[in-house]
Protein chains: 2
Amino acid sequence: MQKLTAQRQAILDVINRSDKHWDADEVAYALKENDTPIGIATVYRGLAALAEQGLIESIQLADKKRYERADKKHHDHLICTDCGDIEEFCKPEIEKLQDLVASEHDFTIQGHQLLLFGICIRCKGKGI
Amino acid sequence: MQKLTAQRQAILDVINRSDKHWDADEVAYALKENDTPIGIATVYRGLAALAEQGLIESIQLADKKRYERADKKHHDHLICTDCGDIEEFCKPEIEKLQDLVASEHDFTIQGHQLLLFGICIRCKGKGI
DNA sequence: GTGATAATGATAATGATTATCATTCTGACT
DNA sequence: AGTCAGAATGATAATCATTATCATTATCAC
């Protein structure tokens with residue numbers, strides 16, 4: 001029932017073009033630059049639909065949702081509280097421990113979100 | 001410079017009275033019940049101030065912030081996507097791995113947020 | 001090619017949170 | 001006690017991401 005329309009294809013193309021973590025406004029802006037402007041409500045709906053179909057990944061930050069390409073292996077995120085930059089990491093041992101925790105609590109795990117906050121190496125330098 | 005005023009003391013008392021994870025509205029409602037009604041803006045500021053002073057803990061969920069007592073040992077949260085219930089868990093091995101990840105990325109870690117989403121044991125039963 | 005179903009886009013509405021601003025409180029110091 | 005500066009308060013407006021509404025248009029199955 002979910003359709004992959006021209007607009008959603010355009011959104012998907014934008015997101016697949018880079019490793020960025022996009023928010024809705026950034027996607028809308030990129031689409032305008034691209035001469036395929038799409039209404040902001042449609043961008044929101046398109047992002048939600050694409051994420052539901054697994055064609056893109058979503059991460060929920062404190063204030064907003066961001067979306068990224070889905071054709072990467074699973075990872076979590078390091079977020080610099082200074083510059084806002086988002087790095088990715090992968091630590092399967094953590095996932096295993098999460099599954100253990102869930103089973104200890106008779107909890108059927110559906111997903112997780114792990115964010116590490118701190119100062120990235122670039123901002124550490126510039127601080128002084 | 002941050003002051004622990006009567007209003008903030010009242011907010012703190014409400015939160016310390018239970019193991020709940022409170023949002024601002026719930027705190028405001030409890031204060032009204034308590035015959036110490038406080039303006040909603042003041043509740044928000046009070047919660048932020050108390051969290052900054054370490055007198056309460058805050059957790060950032062998708063849509064809103066929630067606050068809980070600070071006099072417990074560190075833990076993370078299991079969130080039932082059906083009933084919204086929040087359980088707590090403690091797994092120091094995960095924290096250690098997080099520190100390891102951070103150091104691998106030359107990242108000075110300041111904090112983290114780990115949420116596990118799924119179905120709690122109660123909702124599993126009632127679903128059939 | 002005709003319905004049924006879904007998508008679009010402009011705009012209004014929502015909901016949590018923050019900003020504004022006039023007023024009041026607090027604590028330190030005369 | 002009196003004064004002054006810095007905070008806090010509370011009512012309300014503003015903000016910002018997101019969702020709802022609704023009339024219109026596109027899409028797909030038959």
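In what follows, every chain begins at residue 1, and chains take the letters A, B, ... in the order their sequences are listed.
Just one residue in the list A:Lys72, A:Arg66, A:Lys65 forms a salt bridge (charged side-chain N to carboxylate O under 4.0 Å, His left out) with A:Glu68, and that residue is A:Lys72. With A:Glu88 as reference, A:His21 is the one residue of A:Lys73, A:His21, A:His74 to meet the side chain to side chain donor-acceptor pair (under 3.5 Å) rule.
Atom OG of B:Ser18 is separated from atom CD of B:Glu26 by 9.5 Å, given to the nearest 0.5 angstrom.
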query: How would nucleotides 17-26 of chain D be written as a contact map, 5' to 3', with B for base contact, S for sugar-phosphate-only contact and - for no contact, using protein heavy atoms under 4.0 Å?
result: SBBBB-----
Which atom pairs, one a donor and one an acceptor, fall under 3.5 Å between side chains of residues 31-44 of chain B and the rest of the protein, sequence neighbours left out?
from, atom 1, to, atom 2, distance (Å)
B:Thr36, OG1, B:Leu31, O, 3.3
B:Thr42, OG1, B:Arg45, NH2, 3.4

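Rounded to whole Å, atom P of C:dG9 lies 6 Å from atom CD1 of A:Ile38. Distance CD (A:Gln9) to P (D:dT27): 13 Å, rounded to an integer number of Å. Computed from coordinates, the A:Ile11 CD1 to C:dT8 C1' distance equals 11 Å when rounded to whole Å. As rounded to whole Å, 14 Å separates atom P of C:dA7 from atom CG of A:Leu47. As a whole-Å value, the separation of B:Leu4 CG from C:dG27 C1' is 15 Å. Residue B:Lys32 contributes atom NZ, which lies 13 Å from atom C1' of D:dG10 at whole-angstrom precision.
Across all strands shown, B:Thr5 has heavy atoms under 4.0 Å from sugar-phosphate atoms exclusively, and none from any base.
Of the charged side-chain nitrogens involved, none lies within less than 4.0 Å of a carboxylate oxygen, so that B:Arg122 and B:Asp82 do not count as a salt-bridged pair.
In A:Tyr29, the OH atom is not crowded: 12 or fewer heavy atoms of neighbouring residues, nucleotides or ligands sit closer than 6.0 Å.
Note on B:Gln2: every side-chain N or O is 4.0 Å or more away from OP1 and OP2 of D:dG6. Side-chain nitrogen and oxygen atoms of B:Thr42 include at least one within less than 4.0 Å of the OP1 or OP2 phosphate oxygen of D:dG10.
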